[in-house]
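In what follows, a single structure is set out as structure tokens and then discussed.
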Protein chains: 2
Amino acid sequence: MKKSRVTLTDIAKALNISASTVSRALKDHPAINKETKRAVVKLAKKLKYQPNLLALGLLQKKTYTVGVIVPEITGHFFSTVITGIRDVLSPAGYNIAICLSNESFQEEIAITEKMAKTQIDGVLVSPASSTKTYKHFKALQKNGIPLVVFDRDCPGLDADKVLVDDYDGAFQAVEYLINSGCKNIAHLSGPMNLSITEHRLQGYLDALGKHKFPVKQENVIHVSGFTHEDGIKPAQKLLKLKNRPDAIFAMNDCIAISAMHVAKKMGLQIPGDVSIIGFDDEPHSSYFTPALSTIWQPVYSVGMLSARILLSKLQEGEEEPELRREVFKPELIIRASSKAV
Amino acid sequence: MKKSRVTLTDIAKALNISASTVSRALKDHPAINKETKRAVVKLAKKLKYQPNLLALGLLQKKTYTVGVIVPEITGHFFSTVITGIRDVLSPAGYNIAICLSNESFQEEIAITEKMAKTQIDGVLVSPASSTKTYKHFKALQKNGIPLVVFDRDCPGLDADKVLVDDYDGAFQAVEYLINSGCKNIAHLSGPMNLSITEHRLQGYLDALGKHKFPVKQENVIHVSGFTHEDGIKPAQKLLKLKNRPDAIFAMNDCIAISAMHVAKKMGLQIPGDVSIIGFDDEPHSSYFTPALSTIWQPVYSVGMLSARILLSKLQEGEEEPELRREVFKPELIIRASSKAV
DNA sequence: AAATACTATGCAAAGGTTTGCATAAAAATC
DNA sequence: GATTTTTATGCAAACCTTTGCATAGTATTT
């Protein structure tokens, strides 16, 4: 049988006083007798009184809970962002409700609806790759729930945003490959319709363009997901081209690792025959053979800053200041999978 | 300004009926006029009525939220367990509140207290490595909150448990090393006081014992955490022993990778000079050079089963059936980092 | 002694929803 | 036409906490 918890009224009855007095005694209200206060505090401790946050939330229309919507958490990126979010929000007294959209637009909609019902205070979101419209986010905003978008942009949505300059990261990587003497640079690109995919692709294209390299259709392949398996076939396709690329810039480290794997199986030297650069700088990446060159992003900072911005919206209250758009710069980290320049 | 949401009463007023009628109309209550129902449903949709789950929770003492307490989520293990949990609980209509203890006993206590206050329905927990007593868990149970412990056992705590046979996994790994001809097998063990550490260590010891191998104090080193960095120094210490081990069984894959890294830097052949076996079978593990031999665990299943057990406690209600203790068997996966037998 | 200020407490409402009981109206039965 | 049944709706309580206002008693001032 579910034991009902100790309530204010229970304590009040036991001491023959009113619930209001008990509430005030526990809240350091000035107008309260020291004796009474002492008795209340003592009994509350004895009975292990725990205030019912539901009742409080109902009363104050504030739940001290922030929702975080991410596509997945099994990768390094989002789990680290979440850790950053937690490290800001938790000390501030906020709960975090982490929800996984599983890269599904439908699930994302279901999540936002549930969040509205649970009276969440604010939302941090990185949209699913299949998300096309932002009605569900706008609905949250209309409900007065502040929204911060991180990492994956929602073009056209008016919200605070914390992003990473994916374009710049890609540009750096490709330009480095060019400077190191690569002549035929391919790109394992991400799933279509995703802002980060597009920005990285554009960075790749523009770096080629800047150096007057021709862009070959066959040199760009979109992978369908972010895991190793998703990278194998596209990498094979690339490395079996008649005009085999001498460099691959991959969407992320997992895909880059797949490409390295395929290349090695084909007997190719890395970086002798083909240079490889990834994106994300996962913890494992420096331990591969050869150690993977990659683009580092301030992942933890993305989480912290997003949380801080949301927090300020929650606390400053309602004055609707101008929207913020923060863009972090990534850094190229050269290891052994790409030629020295 | 925080717009207050549409409530039952708002709809009631607009239609000149009572809130009870509106509630019933939206709930397919039998005794309700079709006309009325149609009107209510139509208006509710138009105004985008969202029931307030706080009020409901307060009334029914049920929040349809389950708390999940894990030490961290940046690794592969817990993030995958969580995905399994979600895939069971989400379709059943439950929310998941993921909380990170950060391997800290104190934070874990704070989390459980907060969970009691938020009237959570049930809890899934894998305790922090620094957790020594289980008072906080017992307090939850006393409050009538069902608790399921997964992966990391809490010896002496009466709760449902979903574990992996770490002892058996370790035993398999070490026995394999013995059978493959290794004579001097070391163990990079986990943080002290953690059930999985102890079980794996015992498996190591017993496998040696079974084959009449001497146990050398110097061959067992405890690492302080689960990341690559935590493994480097202990691995160096091990491989610089006068009597250098010809095999290392590591606490997990990250540590094993560190050991491989150190060994390679020292110019040792793997597995020629030293065999290495890890634990966890992370997605990356087969992509290292050489591909890492390891122990696979049914991580996703651990999550799913834990969630299913909790779910049955939540639904069956209160009859307190006997506690379940499910133990999954891990599997040895031999790749290239250990000699063939 | 009367008026004022202060201290300590209680009452009641509010927050949104559900539900048992009561009630009213309509329909069905005799 | 009177009684019973059915159908549709409303009232009010309950869930727990906070807080403005009122009140009663005590202490201070004039």
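Letters A, B, ... are given to chains in the order of the sequence lines, protein chains preceding strands, and every chain is numbered from 1.
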Less than 4.5 Å apart, any side-chain heavy atom of [X] and any of [Y]?
| X | Y | value |
| --- | --- | --- |
| A:Ile82 | A:Ile73 | yes |
| B:Asn52 | B:Thr7 | no |
| B:Glu326 | B:Val302 | no |
| B:Asn102 | B:Pro71 | no |
| B:Thr21 | B:Val40 | no |

Write down the protein N/O and nucleotide N/O pairs, taken from nucleotides 19-28 of chain D, whose separation is under 3.5 Å; answer none if there are no such pairs.
unit_1, atom_1, unit_2, atom_2, d
D:dG20, O6, A:Arg24, NH1, 3.4

d([atom1], [X]; [atom2], [N]) in whole Å:
| X | N | atom1 | atom2 | answer |
| --- | --- | --- | --- | --- |
| B:Ile17 | D:dT7 | CD1 | P | 20 Å |
| B:Lys13 | D:dG10 | NZ | P | 14 Å |
| B:Leu8 | D:dG10 | CG | P | 13 Å |
| A:Tyr64 | D:dT18 | OH | P | 12 Å |
| B:Ile11 | C:dT17 | CD1 | C1' | 12 Å |

Open item on the list: Which label fits A:Phe150 and A:Phe78: parallel for a plane angle under 30°, tilted from 30 to 60°, or perpendicular past 60°?
Closed with: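 It falls in the perpendicular class, over 60°.
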Open item on the list: For B:Phe105 and B:His136, take the angle between the two ring planes, folded into 0 to 90°, and tell me which bin it lands in: parallel under 30, tilted 30 to 60, perpendicular over 60.
Closed with: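 B:Phe105 vs B:His136 ring planes: perpendicular.
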Task: For DNA chain D, the residues among residues 32-56 of chain B that have a non-hydrogen atom under 4.0 Å from it - done: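 Listed by number, they are B:Ile32, B:Asn33, B:Thr36.
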Open item on the list: From C-beta outward on A:Ala31, which listed nucleotide comes closest to its side chain: C:dG15, C:dT9, C:dG16?
Closed with: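 The answer is C:dT9.
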TODO: Using atom types as modelled and distance alone, determine if a side-chain donor or acceptor of A:Glu72 lies under 3.5 Å from a backbone N or O of A:Thr74.
DONE: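 It does hold such a pair.
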- [ ] Name the residue closer to the 5' end of DNA chain D, choosing between B:Leu58 and B:His29 according to the nucleotide with the nearest heavy atom.
- [x]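 Checking each residue's closest nucleotide, the 5'-ward one belongs to B:His29.
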Open item on the list: For B:Leu59 and B:Ser18, find the nucleotide of DNA chain D closest to each by heavy atoms; which residue's nucleotide sits nearer the 5' end?
Closed with: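 This one resolves to B:Ser18.
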Open item on the list: Salt bridge check, B:Asp121 against B:Lys62: does any charged N sit closer than 4.0 Å to a carboxylate O?
Closed with: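 Result for this pair is yes, salt bridge flagged.
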TODO: Please confirm whether A:Lys135 makes a cation-pi placement over A:Phe137, using NZ or CZ under 6.0 Å from the six-membered ring centre and within 45° of the ring normal.
DONE: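 No, A:Lys135 does not lie over the aromatic ring of A:Phe137.
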Open item on the list: Whether the B:Glu107 and B:Ser101 side chains hold a donor-acceptor pair (N or O, under 3.5 Å, no angle test) is what I'd like checked.
Closed with: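 Not at all, the side chains of B:Glu107 and B:Ser101 share no donor-acceptor pair under 3.5 Å.
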Task: Below 4.0 Å: OP1/OP2 of D:dA14 and any side-chain N or O of B:Lys61 - done: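 For D:dA14, OP1/OP2 do not have a side-chain N/O of B:Lys61 under 4.0 Å.
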Open item on the list: Using a 4.0 Å heavy-atom cut-off to protein, can you give one letter per nucleotide of nucleotides 23-29 of chain C, 5' to 3': B if the base is in contact, S if only the sugar-phosphate is, - if neither?
Closed with: -------
